[in-house]
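Worksheet: the structure to be examined is printed underneath.
Below, all heavy atoms of this structure are taken into account, side chains as well, without hydrogens, waters or symmetry copies. Please read these numbers as outputs of a predicted model, since none were measured by experiment.
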Amino acid sequence: MFTENFWETLHKEGVAPIVTWSGAEPHLAATWNSYIHKTEDNRLLIPVMGMKTTQDNIAANNRVKMVIGSKEVMGKYGPGAGFLLEGTARVIREGKELAMMQERFNWANCILEVTVSQVTQTV
């Protein structure tokens, strides 16, 4: 599911939008590629300080979409690669993964865990 080009893109800086929804209106939040930690089982952990609407939406509907991109990686058509990720999310408020993320991001009060079910390279 994850390609080398995806991992290369994730390791370059770029903005990473996150879309959640629980009603008719989608909600958009964002983080930075460099904030995202990949676990050994290919989950993505994202430090969170706020994202209150994102957290509320996930409590009602755990489906999530994200975009990972960087202009520094060769894409399908030239410079710039981008990927659409679809999956499920949950908020982690305690435990060893939160402690590990707080070592890097002491401002994080929880983490967003994304379990990706589909990856599509868009550019």
Side-chain angles (χ1 to χ4, degrees):
M1 173 172 35
F2 293 111
T3 64
E4 282 299 316
N5 202 11
F6 172 81
W7 295 125
E8 182 181 357
T9 303
L10 183 63
H11 289 104
K12 301 291 184 181
E13 194 59 272
V15 66
I18 304 163
V19 178
T20 59
W21 59 97
S22 64
E25 188 73 25
H27 175 72
L28 183 64
T31 190
W32 297 103
N33 290 359
S34 59
Y35 287 6
I36 300 171
H37 173 79
K38 176 191 77 78
T39 66
E40 289 185 12
D41 58 353
N42 291 328
R43 292 173 296 125
L44 304 178
L45 304 180
I46 301 165
V48 173
M49 172 59 146
M51 293 189 187
K52 178 70 173 119
T53 301
T54 298
Q55 293 181 56
D56 290 346
N57 284 349
I58 289 169
N61 171 21
N62 70 346
R63 293 178 52 211
V64 64
K65 294 185 181 192
M66 292 182 66
V67 174
I68 303 292
S70 176
K71 66 180 183 178
E72 298 177 31
V73 178
M74 188 60 68
K76 291 167 64 170
Y77 310 107
F83 297 84
L84 171 64
L85 285 64
E86 299 181 58
T88 58
R90 71 181 181 119
V91 177
I92 298 174
R93 299 183 193 287
E94 60 185 15
K96 65 180 182 178
E97 290 178 324
L98 176 59
M100 178 268 302
M101 291 297 282
Q102 286 175 326
E103 287 180 21
R104 285 183 58 201
F105 308 101
N106 64 352
W107 44 263
N109 58 16
C110 61
I111 52 178
L112 180 65
E113 174 197 72
V114 177
T115 302
V116 179
S117 57
Q118 183 174 343
V119 177
T120 305
Q121 186 169 358
T122 57
V123 293

Apply side chain to side chain contact (heavy atoms under 4.5 Å, CB included) to Ile18 and Ile46, showing your working. CA-CA 10 Å; Ile18 304 163; Ile46 301 165; 4.1 Å; yes
Please lay out, stage by stage, how Asn61 and Trp21 fare under the test side chain to side chain contact (heavy atoms under 4.5 Å, CB included). CA-CA 7 Å; Asn61 171 21; Trp21 59 97; 3.0 Å; yes
Apply the test side chain to side chain contact (heavy atoms under 4.5 Å, CB included) to residues Val64 and Val19: give CA-CA distance (whole Å), side-chain angles for both, the deciding distance (0.1 Å), then the verdict. CA-CA 6 Å; Val64 64; Val19 178; over 6 Å; no
Pair Leu10, Ile36 - check side chain to side chain contact (heavy atoms under 4.5 Å, CB included), show working. CA-CA 8 Å; Leu10 183 63; Ile36 300 171; 3.9 Å; yes
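Scanning all heavy atoms of the two residues, the minimum distance from Ala81 to Met74 falls at CB-O, 3.9 Å. In terms of heavy-atom proximity, Ala16 sits nearest to Asn33 at CB-OD1, 3.6 Å. The two residues Thr54 and Ala29 make their nearest non-hydrogen contact at OG1-CB, 3.5 Å. Minimum heavy-atom separation, Ala60 to Ser22: CB-CB, 3.7 Å. The minimum heavy-atom distance between Thr122 and Phe83, with the atom names listed, is OG1-N, 4.0 Å. Nearest heavy atom pair, residue Met51 against residue Ala30, reads CE-O, 3.6 Å.
Annotation: the span from Met1 atom CE to Gln118 atom CD amounts to 9.5 Å, rounded to 0.5 Å. Taken from CE in Met49 to OG1 in Thr31, the straight-line distance is 13.5 Å, to the nearest 0.5 Å. With rounding to the nearest 0.5 angstrom, the OG1 atom of Thr120 is 9.5 Å from the NZ atom of Lys65. Distance check, rounded to the nearest 0.5 Å: CZ of Phe6 to CG of Asn42 gives 9.0 Å. Atom OG in Ser34 sits 3.5 Å away from atom CD in Glu13 (nearest 0.5 Å). Taken from CE in Met100 to CD1 in Ile111, the straight-line distance is 6.5 Å, to the nearest 0.5 Å.
In this structure, Trp7 and Phe2 have tilted ring planes: the angle between them lies in the 30° to 60° band.
Comment: Arg43 engages Glu97 in a salt bridge, judged by a side-chain N to carboxylate O separation of less than 4.0 angstrom.
Under the side chain to side chain contact (heavy atoms under 4.5 Å, CB included) rule, Val116 has a single partner from Ile68, Thr88, Leu85, which is Leu85. Shown are Lys38, Arg90, Arg93; of these, the salt bridge (charged side-chain N to carboxylate O under 4.0 Å, His left out) with Glu113 is made only by Arg90.
Aromatic pair Tyr35/Trp107: ring centres closer than 6.0 Å.
Checked by atom type, the side-chain pair Thr3/Asn5 shows no donor-acceptor distance below 3.5 Å.
Side-chain atoms of Gln102 come within 3.5 Å of backbone N or O of Ala108 as a donor-acceptor pair. When atom types are taken as modelled, the side chain of Ser70 and the backbone of Glu72 share a donor-acceptor pair closer than 3.5 angstrom.
There is no path of hydrophobic side-chain contacts, each under 4.5 Å, that joins Phe105 to Val48. Cluster membership for Ile92 and Leu112, using ILVMFWY side-chain heavy atoms within less than 4.5 angstrom, is not shared.
Using a 4.5 Å cut-off on side-chain heavy atoms (C-beta onward), Leu44 and His37 make no contact.
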